> 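Pasting a structure here, questions to come.
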Protein chains: 2
Amino acid sequence: MDALTINEAAETTGWSPRMLRYVERVGLLEPKRSAAGYRLYGPAELQRLRTLRELLDEHDIGLSDLAFALRLRRDEELRRATDAWFEAEAQRPAGVPSDDWLSFEQHKHEKLLAALARRIPTPTPETV
Amino acid sequence: MDALTINEAAETTGWSPRMLRYVERVGLLEPKRSAAGYRLYGPAELQRLRTLRELLDEHDIGLSDLAFALRLRRDEELRRATDAWFEAEAQRPAGVPSDDWLSFEQHKHEKLLAALARRIPTPTPETV
DNA sequence: CAAACCTTGACACAACTCTGTCAAGGTGCC
DNA sequence: GGCACCTTGACAGAGTTGTGTCAAGGTTTG
(Lines give C-alpha, C1' and ligand atoms only; values in the text may rest on other atoms or scores of the structure.)
Protein backbone atom coordinates (compact mmCIF):
# COMPACT_ATOMS: atom_id res chain seq x y z
CA MET A 1 0.00 0.00 0.00
CA ASP A 2 1.81 3.08 -1.25
CA ALA A 3 0.32 5.70 1.06
CA LEU A 4 2.35 7.78 3.49
CA THR A 5 1.30 9.24 6.80
CA ILE A 6 1.62 12.96 7.37
CA ASN A 7 5.16 12.98 8.73
CA GLU A 8 6.44 10.76 5.95
CA ALA A 9 4.67 12.87 3.36
CA ALA A 10 6.18 15.99 4.91
CA GLU A 11 9.59 14.36 4.67
CA THR A 12 9.37 13.65 0.96
CA THR A 13 7.60 16.83 -0.15
CA GLY A 14 9.41 19.50 1.81
CA TRP A 15 6.24 20.75 3.47
CA SER A 16 5.99 20.66 7.25
CA PRO A 17 3.27 18.47 8.78
CA ARG A 18 1.70 21.65 10.11
CA MET A 19 1.52 23.08 6.58
CA LEU A 20 0.11 19.89 5.13
CA ARG A 21 -2.80 20.27 7.53
CA TYR A 22 -3.06 23.93 6.56
CA VAL A 23 -3.05 23.17 2.82
CA GLU A 24 -5.90 20.80 3.53
CA ARG A 25 -7.73 23.39 5.61
CA VAL A 26 -7.74 25.95 2.81
CA GLY A 27 -9.21 23.29 0.55
CA LEU A 28 -6.33 22.80 -1.87
CA LEU A 29 -5.49 19.15 -1.22
CA GLU A 30 -7.47 16.74 0.93
CA PRO A 31 -5.80 13.36 1.42
CA LYS A 32 -7.76 10.21 2.13
CA ARG A 33 -8.13 9.05 5.70
CA SER A 34 -7.51 5.70 7.30
CA ALA A 35 -10.28 4.10 9.34
CA ALA A 36 -8.82 5.72 12.44
CA GLY A 37 -8.67 9.14 10.79
CA TYR A 38 -4.97 9.19 9.86
CA ARG A 39 -4.22 11.24 6.73
CA LEU A 40 -2.95 9.05 3.89
CA TYR A 41 -0.96 10.61 1.06
CA GLY A 42 -0.73 8.57 -2.14
CA PRO A 43 1.77 9.09 -5.00
CA ALA A 44 -0.59 11.48 -6.78
CA GLU A 45 -0.96 13.66 -3.71
CA LEU A 46 2.77 13.69 -3.13
CA GLN A 47 3.41 14.76 -6.70
CA ARG A 48 0.76 17.43 -6.42
CA LEU A 49 2.32 18.76 -3.23
CA ARG A 50 5.70 19.10 -4.89
CA THR A 51 4.17 20.82 -7.89
CA LEU A 52 2.28 23.10 -5.53
CA ARG A 53 5.47 24.28 -3.89
CA GLU A 54 6.99 25.01 -7.29
CA LEU A 55 3.91 26.93 -8.36
CA LEU A 56 3.98 29.11 -5.25
CA ASP A 57 7.70 29.74 -5.33
CA GLU A 58 8.09 30.42 -9.04
CA HIS A 59 5.23 32.88 -9.25
CA ASP A 60 5.45 34.32 -5.77
CA ILE A 61 1.82 33.65 -4.94
CA GLY A 62 0.21 32.47 -1.72
CA LEU A 63 -2.03 29.61 -0.75
CA SER A 64 -4.87 32.09 -0.36
CA ASP A 65 -4.42 33.08 -3.99
CA LEU A 66 -4.76 29.49 -5.10
CA ALA A 67 -7.72 29.09 -2.76
CA PHE A 68 -9.40 31.98 -4.55
CA ALA A 69 -8.57 30.48 -7.93
CA LEU A 70 -10.26 27.33 -6.69
CA ARG A 71 -13.35 29.30 -5.69
CA LEU A 72 -13.32 30.80 -9.17
CA ARG A 73 -13.48 27.38 -10.79
CA ARG A 74 -16.04 26.00 -8.35
CA ASP A 75 -18.40 28.98 -8.11
CA GLU A 76 -19.88 29.64 -11.52
CA GLU A 77 -21.64 32.81 -10.41
CA LEU A 78 -18.49 34.25 -8.87
CA ARG A 79 -16.57 33.60 -12.05
CA ARG A 80 -19.29 35.23 -14.13
CA ALA A 81 -19.33 38.29 -11.87
CA THR A 82 -15.56 38.80 -11.81
CA ASP A 83 -15.25 38.17 -15.53
CA ALA A 84 -17.98 40.71 -16.15
CA TRP A 85 -16.21 43.27 -13.98
CA PHE A 86 -12.89 42.84 -15.76
CA GLU A 87 -14.57 42.80 -19.13
CA ALA A 88 -16.09 46.20 -18.37
CA GLU A 89 -12.73 47.89 -18.72
CA ALA A 90 -13.13 51.65 -18.71
CA GLN A 91 -13.06 51.73 -22.50
CA ARG A 92 -16.68 52.62 -23.10
CA PRO A 93 -17.02 53.14 -26.85
CA ALA A 94 -17.01 56.83 -27.70
CA GLY A 95 -20.15 56.56 -29.81
CA VAL A 96 -22.31 55.22 -26.98
CA PRO A 97 -24.08 58.02 -25.08
CA SER A 98 -23.98 57.82 -21.28
CA ASP A 99 -27.63 56.86 -21.02
CA ASP A 100 -27.01 53.68 -22.97
CA TRP A 101 -24.20 52.57 -20.72
CA LEU A 102 -26.35 50.25 -18.68
CA SER A 103 -27.94 48.53 -21.65
CA PHE A 104 -24.50 48.27 -23.18
CA GLU A 105 -23.34 46.46 -20.05
CA GLN A 106 -26.40 44.27 -20.12
CA HIS A 107 -25.63 43.25 -23.66
CA LYS A 108 -22.11 42.32 -22.66
CA HIS A 109 -23.47 40.14 -19.87
CA GLU A 110 -25.68 38.33 -22.32
CA LYS A 111 -22.73 37.57 -24.51
CA LEU A 112 -20.80 36.28 -21.52
CA LEU A 113 -23.62 34.02 -20.44
CA ALA A 114 -23.97 32.66 -23.94
CA ALA A 115 -20.26 31.91 -24.00
CA LEU A 116 -20.50 30.11 -20.67
CA ALA A 117 -23.49 28.07 -21.78
CA ARG A 118 -21.50 26.84 -24.75
CA ARG A 119 -18.97 25.18 -22.43
CA ILE A 120 -19.02 21.52 -21.46
CA PRO A 121 -20.95 21.44 -18.15
CA THR A 122 -18.45 19.17 -16.38
CA PRO A 123 -15.65 17.09 -17.93
CA THR A 124 -15.83 14.35 -15.24
CA PRO A 125 -12.84 12.39 -16.64
CA GLU A 126 -13.78 8.99 -15.24
CA THR A 127 -10.90 6.81 -14.19
CA VAL A 128 -10.05 4.90 -17.37
CA MET B 1 -16.51 67.93 -18.54
CA ASP B 2 -17.84 64.94 -16.58
CA ALA B 3 -14.84 63.95 -14.50
CA LEU B 4 -14.78 64.07 -10.71
CA THR B 5 -11.85 64.58 -8.39
CA ILE B 6 -11.10 62.02 -5.75
CA ASN B 7 -13.28 63.43 -2.99
CA GLU B 8 -16.25 63.88 -5.29
CA ALA B 9 -15.78 60.37 -6.64
CA ALA B 10 -15.60 59.06 -3.09
CA GLU B 11 -18.84 60.87 -2.33
CA THR B 12 -20.79 59.26 -5.17
CA THR B 13 -19.33 55.77 -4.99
CA GLY B 14 -19.25 55.11 -1.26
CA TRP B 15 -15.52 54.45 -1.22
CA SER B 16 -13.29 56.64 0.92
CA PRO B 17 -10.64 58.73 -0.84
CA ARG B 18 -8.05 56.64 0.96
CA MET B 19 -9.53 53.48 -0.49
CA LEU B 20 -9.75 54.92 -3.99
CA ARG B 21 -6.00 55.43 -3.83
CA TYR B 22 -5.60 51.91 -2.50
CA VAL B 23 -7.76 50.39 -5.23
CA GLU B 24 -5.48 52.15 -7.69
CA ARG B 25 -2.37 50.93 -5.90
CA VAL B 26 -3.37 47.28 -6.19
CA GLY B 27 -3.90 47.84 -9.90
CA LEU B 28 -7.65 47.39 -10.12
CA LEU B 29 -8.69 50.83 -11.36
CA GLU B 30 -6.37 53.60 -12.46
CA PRO B 31 -8.12 56.90 -13.18
CA LYS B 32 -6.73 59.45 -15.60
CA ARG B 33 -4.73 62.35 -14.24
CA SER B 34 -5.03 66.07 -14.84
CA ALA B 35 -1.96 67.98 -15.99
CA ALA B 36 -1.15 68.71 -12.35
CA GLY B 37 -1.54 65.07 -11.34
CA TYR B 38 -5.07 65.19 -9.89
CA ARG B 39 -6.99 61.94 -10.25
CA LEU B 40 -9.97 62.30 -12.60
CA TYR B 41 -12.83 59.80 -12.39
CA GLY B 42 -15.12 59.65 -15.43
CA PRO B 43 -18.60 58.07 -15.55
CA ALA B 44 -17.16 54.70 -16.57
CA GLU B 45 -14.79 54.66 -13.61
CA LEU B 46 -17.56 55.66 -11.22
CA GLN B 47 -19.78 52.87 -12.50
CA ARG B 48 -16.93 50.41 -12.20
CA LEU B 49 -16.27 51.47 -8.63
CA ARG B 50 -19.89 50.89 -7.65
CA THR B 51 -19.89 47.51 -9.36
CA LEU B 52 -16.64 46.68 -7.60
CA ARG B 53 -18.16 47.31 -4.19
CA GLU B 54 -21.10 45.06 -5.07
CA LEU B 55 -18.78 42.34 -6.29
CA LEU B 56 -16.75 42.39 -3.08
CA ASP B 57 -19.74 42.55 -0.76
CA GLU B 58 -21.91 39.95 -2.46
CA HIS B 59 -19.21 37.32 -2.71
CA ASP B 60 -17.24 38.22 0.38
CA ILE B 61 -13.93 38.52 -1.42
CA GLY B 62 -11.09 41.01 -0.99
CA LEU B 63 -9.27 43.42 -3.21
CA SER B 64 -6.27 41.13 -3.08
CA ASP B 65 -8.40 38.33 -4.51
CA LEU B 66 -9.41 40.51 -7.43
CA ALA B 67 -5.80 41.59 -7.79
CA PHE B 68 -4.84 37.95 -8.18
CA ALA B 69 -7.64 37.38 -10.68
CA LEU B 70 -6.17 40.28 -12.61
CA ARG B 71 -2.73 38.68 -12.53
CA LEU B 72 -4.32 35.52 -13.84
CA ARG B 73 -5.71 37.28 -16.88
CA ARG B 74 -2.57 39.31 -17.52
CA ASP B 75 0.06 36.63 -16.93
CA GLU B 76 -0.42 33.86 -19.47
CA GLU B 77 2.23 31.65 -17.91
CA LEU B 78 0.75 31.98 -14.44
CA ARG B 79 -2.67 31.03 -15.76
CA ARG B 80 -1.22 28.03 -17.56
CA ALA B 81 0.59 26.87 -14.43
CA THR B 82 -2.37 27.21 -12.09
CA ASP B 83 -4.75 25.63 -14.59
CA ALA B 84 -2.35 22.74 -14.97
CA TRP B 85 -2.17 22.27 -11.22
CA PHE B 86 -5.93 22.22 -10.79
CA GLU B 87 -6.35 20.01 -13.81
CA ALA B 88 -4.06 17.45 -12.20
CA GLU B 89 -6.67 16.50 -9.62
CA ALA B 90 -5.57 13.45 -7.71
CA GLN B 91 -7.57 11.19 -10.02
CA ARG B 92 -4.69 9.56 -11.83
CA PRO B 93 -6.18 6.83 -14.03
CA ALA B 94 -5.79 3.44 -12.37
CA GLY B 95 -4.31 1.89 -15.54
CA VAL B 96 -1.33 4.21 -15.63
CA PRO B 97 1.67 2.76 -13.77
CA SER B 98 3.51 5.08 -11.40
CA ASP B 99 6.52 5.34 -13.69
CA ASP B 100 4.40 6.86 -16.42
CA TRP B 101 3.02 9.55 -14.17
CA LEU B 102 5.43 12.21 -15.37
CA SER B 103 4.87 11.57 -19.04
CA PHE B 104 1.15 11.46 -18.32
CA GLU B 105 1.44 14.93 -16.84
CA GLN B 106 3.51 16.07 -19.78
CA HIS B 107 0.83 14.92 -22.16
CA LYS B 108 -1.78 16.86 -20.21
CA HIS B 109 0.35 19.97 -20.49
CA GLU B 110 0.56 19.57 -24.23
CA LYS B 111 -3.19 19.35 -24.47
CA LEU B 112 -3.54 22.45 -22.34
CA LEU B 113 -1.11 24.40 -24.47
CA ALA B 114 -2.91 23.33 -27.62
CA ALA B 115 -6.19 24.48 -26.12
CA LEU B 116 -4.66 27.84 -25.25
CA ALA B 117 -3.19 28.28 -28.72
CA ARG B 118 -6.63 27.75 -30.20
CA ARG B 119 -7.94 30.81 -28.36
CA ILE B 120 -8.23 34.24 -29.96
CA PRO B 121 -4.91 35.92 -29.03
CA THR B 122 -6.63 39.14 -27.83
CA PRO B 123 -10.24 40.15 -28.38
CA THR B 124 -9.39 43.89 -28.59
CA PRO B 125 -13.04 45.02 -28.82
CA GLU B 126 -12.37 48.17 -30.81
CA THR B 127 -14.58 51.15 -30.04
CA VAL B 128 -17.61 50.62 -32.25
C1' DC C 1 1.79 -1.98 27.76
C1' DA C 2 4.88 1.45 26.28
C1' DA C 3 7.04 3.99 22.58
C1' DA C 4 6.17 6.28 18.58
C1' DC C 5 3.10 7.66 15.87
C1' DC C 6 -1.53 10.20 14.71
C1' DT C 7 -5.57 13.54 15.79
C1' DT C 8 -7.65 18.30 16.96
C1' DG C 9 -7.28 22.60 19.38
C1' DA C 10 -4.94 26.52 21.08
C1' DC C 11 -1.36 30.23 21.82
C1' DA C 12 2.09 32.94 19.42
C1' DC C 13 4.26 35.82 16.14
C1' DA C 14 5.77 37.98 11.59
C1' DA C 15 4.00 39.68 7.49
C1' DC C 16 0.46 41.36 4.81
C1' DT C 17 -4.42 43.55 3.92
C1' DC C 18 -7.47 47.07 4.69
C1' DT C 19 -8.55 51.50 6.52
C1' DG C 20 -8.03 55.87 8.98
C1' DT C 21 -5.51 59.90 9.99
C1' DC C 22 -2.05 63.29 9.88
C1' DA C 23 2.00 66.05 7.79
C1' DA C 24 4.41 68.65 4.23
C1' DG C 25 3.86 70.57 0.15
C1' DG C 26 1.65 71.71 -4.77
C1' DT C 27 -2.83 73.55 -7.41
C1' DG C 28 -7.10 76.18 -8.46
C1' DC C 29 -9.82 79.83 -7.91
C1' DC C 30 -12.31 84.04 -5.97
C1' DG D 1 -2.91 85.96 -1.43
C1' DG D 2 -5.56 82.76 0.98
C1' DC D 3 -8.65 78.84 1.42
C1' DA D 4 -10.03 74.62 -0.12
C1' DC D 5 -8.67 71.17 -2.57
C1' DC D 6 -5.07 67.73 -4.41
C1' DT D 7 -0.52 64.98 -4.03
C1' DT D 8 2.69 61.47 -1.71
C1' DG D 9 4.48 59.39 2.47
C1' DA D 10 4.22 57.71 6.96
C1' DC D 11 2.36 55.82 11.42
C1' DA D 12 -1.25 52.98 13.28
C1' DG D 13 -4.45 49.47 14.32
C1' DA D 14 -7.73 45.52 13.44
C1' DG D 15 -8.02 41.33 10.84
C1' DT D 16 -6.04 37.45 7.94
C1' DT D 17 -2.30 34.39 6.28
C1' DG D 18 1.44 31.47 7.06
C1' DT D 19 4.06 28.90 10.27
C1' DG D 20 5.88 26.86 14.68
C1' DT D 21 5.10 24.68 18.94
C1' DC D 22 2.83 22.53 22.63
C1' DA D 23 -1.08 19.90 25.12
C1' DA D 24 -4.51 16.26 25.70
C1' DG D 25 -5.86 12.31 23.96
C1' DG D 26 -6.54 8.13 20.35
C1' DT D 27 -3.81 4.19 17.40
C1' DT D 28 -0.37 0.77 16.14
C1' DT D 29 2.68 -2.42 16.92
C1' DG D 30 6.82 -4.68 18.83
Side-chain angles (χ1 to χ4, degrees), chain A residues 1-42 45-46 48-72 82 85, chain B residues 1-42 45-46 49-50 52-72 82 85:
Chain A
M1 17 71 186
D2 51 358
L4 307 189
T5 57
I6 195 168
N7 272 304
E8 298 166 332
E11 194 66 30
T12 69
T13 62
W15 292 94
S16 67
R18 176 66 168 87
M19 284 311 292
L20 290 185
R21 298 198 183 95
Y22 187 64
V23 167
E24 179 177 356
R25 180 175 233 279
V26 299
L28 289 176
L29 190 147
E30 325 198 355
K32 292 189 174 48
R33 298 294 190 114
S34 76
Y38 284 23
R39 290 173 180 79
L40 295 177
Y41 296 85
E45 282 80 15
L46 297 175
R48 238 162 110 65
L49 283 171
R50 296 191 197 98
T51 313
L52 179 57
R53 162 145 336 279
E54 273 179 41
L55 183 56
L56 298 188
D57 287 355
E58 287 175 16
H59 295 87
D60 191 34
I61 67 185
L63 291 173
S64 56
D65 292 323
L66 264 296
F68 181 68
L70 182 59
R71 271 188 75 183
L72 274 182
T82 61
W85 191 82
Chain B
M1 49 200 67
D2 50 358
L4 307 188
T5 58
I6 196 170
N7 272 303
E8 298 165 333
E11 193 67 29
T12 70
T13 61
W15 292 94
S16 66
R18 178 66 168 87
M19 284 311 291
L20 290 185
R21 297 198 184 94
Y22 188 64
V23 166
E24 180 177 355
R25 180 175 232 278
V26 299
L28 290 177
L29 190 146
E30 326 198 354
K32 291 192 175 47
R33 298 296 189 111
S34 75
Y38 284 23
R39 290 173 179 80
L40 296 178
Y41 295 85
E45 282 81 14
L46 297 175
L49 284 171
R50 296 192 197 98
L52 179 58
R53 154 129 5 262
E54 274 178 41
L55 183 58
L56 299 187
D57 287 354
E58 286 174 16
H59 294 86
D60 191 36
I61 65 183
L63 291 174
S64 56
D65 292 324
L66 263 296
F68 181 68
L70 182 59
R71 271 189 74 183
L72 274 182
T82 61
W85 191 81

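Keep in mind it's a predicted model, so treat the numbers as computed, not measured. Letters go in sequence order (proteins before strands), and every chain restarts at 1. Only this structure's heavy atoms are used, side chains among them; waters, hydrogens and symmetry mates stay out.
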> CG of A/L4 versus P of C/dC5: gap in Å, rounded?
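Nearest whole value for this atom pair: 14 Å.
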> When you check every protein heavy atom under 4.0 Å of nucleotides 18-30 of chain D, what one-letter string (B, S, -) results, 5' to 3'?
BBBB----BBS--
> Once side chain to side chain contact (heavy atoms under 4.5 Å, CB included) is applied, do any residues pair with A/S64, and if so which ones, sequence neighbours excluded?
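A/S64 satisfies side chain to side chain contact (heavy atoms under 4.5 Å, CB included) with no residue once adjacent residues are dropped.
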> Within this structure, what is the CG-to-P distance between B/L40 and C/dG28, rounded to whole angstrom?
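Nearest whole value for this atom pair: 10 Å.
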> Once you apply a heavy-atom cut-off of 4.0 Å, does A/R33 come out as touching a base, just sugar-phosphate, or nothing?
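Sugar-phosphate, backbone atoms only, no base.
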> Rounded to whole Å, please give me the gap between CD in A/E24 and P in C/dT8.
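Atom CD in A/E24 sits about 7 Å away from atom P in C/dT8.
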> Measure CG/B/L20 against P/C/dC18 and give the value in whole Å, please.
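Those two atoms, CG and P, are 14 Å apart.
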> Hey, is the main chain of A/L55 close enough, under 3.5 Å, to the side chain of B/W85 for a donor-acceptor pair?
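No: the side chain of B/W85 does not pair with the backbone of A/L55.
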> I need the CG-C1' distance between B/L56 and C/dT19, as an integer number of Å.
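It is 14 Å, rounded to the nearest whole Å.
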> Return all side-chain donor-acceptor pairs below 3.5 angstrom for residues 20-28 of chain B, not counting sequence neighbours, or 'none' if the list is empty.
residue: B/E24; atom: OE1; partner: B/R39; partner atom: NE; Å: 2.5
residue: B/E24; atom: OE2; partner: B/R33; partner atom: NH2; Å: 3.2

> Once you round it to whole Å, what is the distance between P of C/dT7 and NZ of A/K32?
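Those two atoms, NZ and P, are 16 Å apart.
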> Which pairs count as salt bridge (Lys or Arg N to Asp or Glu O under 4.0 Å) when at least one residue sits in residues 54-65 of chain B, sequence neighbours excluded?
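Non-adjacent pairs meeting salt bridge (Lys or Arg N to Asp or Glu O under 4.0 Å): zero.
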> Rounded to the Å, how far apart are B/I6 CD1 and D/dT8 P?
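For the pair B/I6 CD1 and D/dT8 P, the rounded distance is 8 Å.
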> Atom CD of B/E11 to atom C1' of D/dC5: distance rounded to whole Å?
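Atom-to-atom, B/E11 to D/dC5, this comes out as 14 Å.
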> Is the closest side-chain heavy-atom distance between A/L56 and A/L66 below 4.5 Å?
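Contact flag for A/L56/A/L66 side chains = yes.
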> Report the residues that fulfil side chain to side chain contact (heavy atoms under 4.5 Å, CB included) with A/E8, sequence neighbours left out, ordered by chain and then residue number.
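In terms of side chain to side chain contact (heavy atoms under 4.5 Å, CB included), with neighbours along the sequence ignored, A/E8 is linked to A/L4, A/T5.
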